[in-house]
Every structure is written in structure tokens, then in C-alpha cells.
Amino acid sequence: MKLPNPRTTFLLAFLAVVFLLGAAFYLEYIRGLEPCPLCITQRVMLLGAGLVSLAAFLHNPATIGRRIYGLLVSLWALGGLYFSGRQLWLQSLPEDQVPACGPGISYMLESFPVSDVIKTLLTGDGNCAEVQWTLLGISIPGWAALGFIGLIVFGAWQAFRKP
């Protein structure tokens, strides 16, 4: 079976990211779910993987460039997997061990130093432990983790596939 060319598969990866970000924005703006700090960080990681995929599609690199782009997609996705894993861990904690909930990101950006906002985005707070929505018994960070795993595998495949 002939594999699709790298340019086409990078475009498909970009479109998958657009779909995932679209689902996140649907849940936020249509369903009214407020994203927690770790959700926002996961969106940034997803956006990074998507932009690298788009750049690879537009650039249409040779073998070395394809490998670099593939590894960059995997690195962004590894970061996202870390943050979705952290959120899944927070969601699994007993109620008495969940960190305190903090204010919303908008308020934090207006009222706190940037270093405090970044720390919250990277570590999460009690809001991140709340399960707001599930599909087939899997919460949002669980679905995000599956998406990140798919992007890691895709990036590694692009980096190491035969020309």
C-alpha cells in the first residue's frame, strides 16, 4: 500500500488540530464550560503542534525538513500530554487533597503579576480538578491526552518514515 505523501499528512494533522480546537471552543462558547488554566495551556500546546503542521504543509520540505517538523510536532504534543496528564491526576485526587480554586484567568491577568499567572497555567488549581463534561466516560483532558498521543505518534512517524 502506498503511503500518502508527507505534505498531505501534515495537512491532515493540521485539520485534526483545527477540529480539536473547534471542539474546545464549542464547549466553551456554545455549551458554556469555563476552561481552567491547564485547559488553556493544553490549547496552546495543541496550537503549537497545529502551526508546525501547517508550516510543514506550506513548506513541503525534503527529508531532513520533514524530520525536523515531525519532531517539533511530537515535542509540542509531548508538552500537551504532560499537561493533560497533570489535569487527569488532579481530577483523580480525593476531594480533601485538591488544591484550592483560584480566580478566573481574565481576573488573574488584570490583577496578578505575569509570573503568578504563568505558574497557575503550568500547575493548575482546584478548578482543573472539576470534571465538567464527559463523552463515553472520558473527561476533556482524557480526550486531549488521546489527541496528543495521536500527534506524538504522527510526528514520530513523519520523522522516521522512509522517503
Side-chain angles (χ1 to χ4, degrees), residues 1-31 33-92 105 109 114-125 128-129 131-163:
M1 179 174 108
K2 186 175 182 205
L3 297 173
N5 69 42
R7 187 173 194 199
T8 301
T9 54
F10 274 117
L11 176 62
L12 292 174
F14 171 72
L15 293 174
V17 168
V18 168
F19 172 79
L20 292 172
L21 286 173
F25 289 124
Y26 167 80
L27 290 172
E28 179 179 356
Y29 293 108
I30 305 300
R31 299 286 304 267
L33 302 181
E34 185 72 29
C36 74
L38 287 174
C39 291
I40 293 169
T41 306
Q42 290 169 66
R43 288 181 188 182
V44 170
M45 296 292 137
L46 193 56
L47 180 63
L51 290 175
V52 169
S53 297
L54 178 62
F57 166 73
L58 295 173
H59 181 211
N60 194 21
T63 303
I64 298 294
R66 174 181 46 82
R67 289 183 177 174
I68 291 169
Y69 282 123
L71 290 173
L72 287 173
V73 168
S74 288
L75 285 174
W76 278 103
L78 274 169
L81 182 60
Y82 168 80
F83 291 112
S84 60
R86 176 148 178 87
Q87 187 171 2
L88 287 168
W89 174 73
L90 286 171
Q91 289 180 346
S92 73
I105 293 297
L109 287 170
V114 174
S115 61
D116 289 351
V117 176
I118 291 172
K119 181 180 181 254
T120 302
L121 287 172
L122 298 179
T123 59
D125 64 12
C128 299
V131 177
Q132 296 185 49
W133 181 87
T134 63
L135 177 65
L136 303 174
I138 301 172
S139 66
I140 296 169
W143 285 107
L146 292 172
F148 286 125
I149 290 168
L151 284 169
I152 292 165
V153 169
F154 165 77
W157 173 69
Q158 284 288 51
F160 299 110
R161 72 188 266 193
K162 300 289 180 213

Open item on the list: So, taking the atom named CG in Leu12 and the one named CZ in Arg7, what distance separates them when rounded to the nearest 0.5 Å?
Closed with: 12.5 Å
Task: Listed partners of Ala16 passing side chain to side chain contact (heavy atoms under 4.5 Å, CB included), at least two apart - done: none
TODO: Please identify each residue that fulfils side-chain hydrogen bond (donor to acceptor under 3.5 Å, both in side chains) with Arg43, with sequence neighbours left out.
DONE: Glu28
- [ ] Return the set of residues passing ring-ring contact (aromatic ring centres under 6.0 Å, His included) with Phe148 (not counting sequence neighbours), or none when no residue passes.
- [x] none
In residues 44-52, what donor-acceptor pairs under 3.5 Å come from side-chain atoms, sequence neighbours left out?
none

TODO: Decide yes or no for Phe160 and Arg67: does some side-chain heavy atom of the first lie under 4.5 Å from some side-chain heavy atom of the second?
DONE: no
Open item on the list: Would you compute the distance between atom CG of Leu21 and atom CD of Gln42 and round it to the nearest 0.5 angstrom?
Closed with: 11.0 Å
Task: Heavy-atom check, side chain of Val17 versus side chain of Leu151, under 4.5 Å - done: yes
Task: For Thr8, side-chain hydrogen bond (donor to acceptor under 3.5 Å, both in side chains) partners two or more places apart - done: Asn5
Open item on the list: Under the rule for side chain to side chain contact (heavy atoms under 4.5 Å, CB included), what residues qualify as partners of Leu54, not counting sequence neighbours?
Closed with: Phe14, Phe57, Leu58
Open item on the list: Would you say that more than 12 heavy atoms from the other residues, nucleotides or ligands in this model lie under 6.0 Å from the CZ of Phe19, or not?
Closed with: no
Task: Non-hydrogen atoms of Ala129 and Gln91 that approach each other most closely - done: O-CG, 3.4 Å
Open item on the list: Just verifying a value: how many Å separate Cys128 SG and Leu90 CG, rounded to the nearest 0.5 Å?
Closed with: 6.0 Å
Task: Where at least one partner belongs to residues 140-158, residue pairs that pass side chain to side chain donor-acceptor pair (under 3.5 Å), sequence neighbours excluded - done: Thr9-Gln158, Gln158-Arg161
Task: side chain to side chain donor-acceptor pair (under 3.5 Å): pairs with one or both residues in residues 69-83, sequence neighbours excluded - done: His59-Tyr69
TODO: Please name all residues satisfying side chain to side chain contact (heavy atoms under 4.5 Å, CB included) with Cys39, sequence neighbours left out, ordered by chain then number.
DONE: Pro35, Cys36, Gln87
Open item on the list: Would you compute the distance between atom CG of Leu11 and atom CG of Asn60 and round it to the nearest 0.5 angstrom?
Closed with: 11.0 Å
- [ ] For residues Leu81 and Ser84, determine if any side-chain heavy atom of one lies less than 4.5 Å from a side-chain heavy atom of the other.
- [x] yes
Open item on the list: According to salt bridge (charged side-chain N to carboxylate O under 4.0 Å, His left out), does anything in residues 44-64 pair up with another residue at least two apart or in another chain? List the pairs.
Closed with: none
Task: Interatomic distance, Leu20 atom CG to Leu146 atom CG [nearest 0.5 angstrom] - done: 10.0 Å
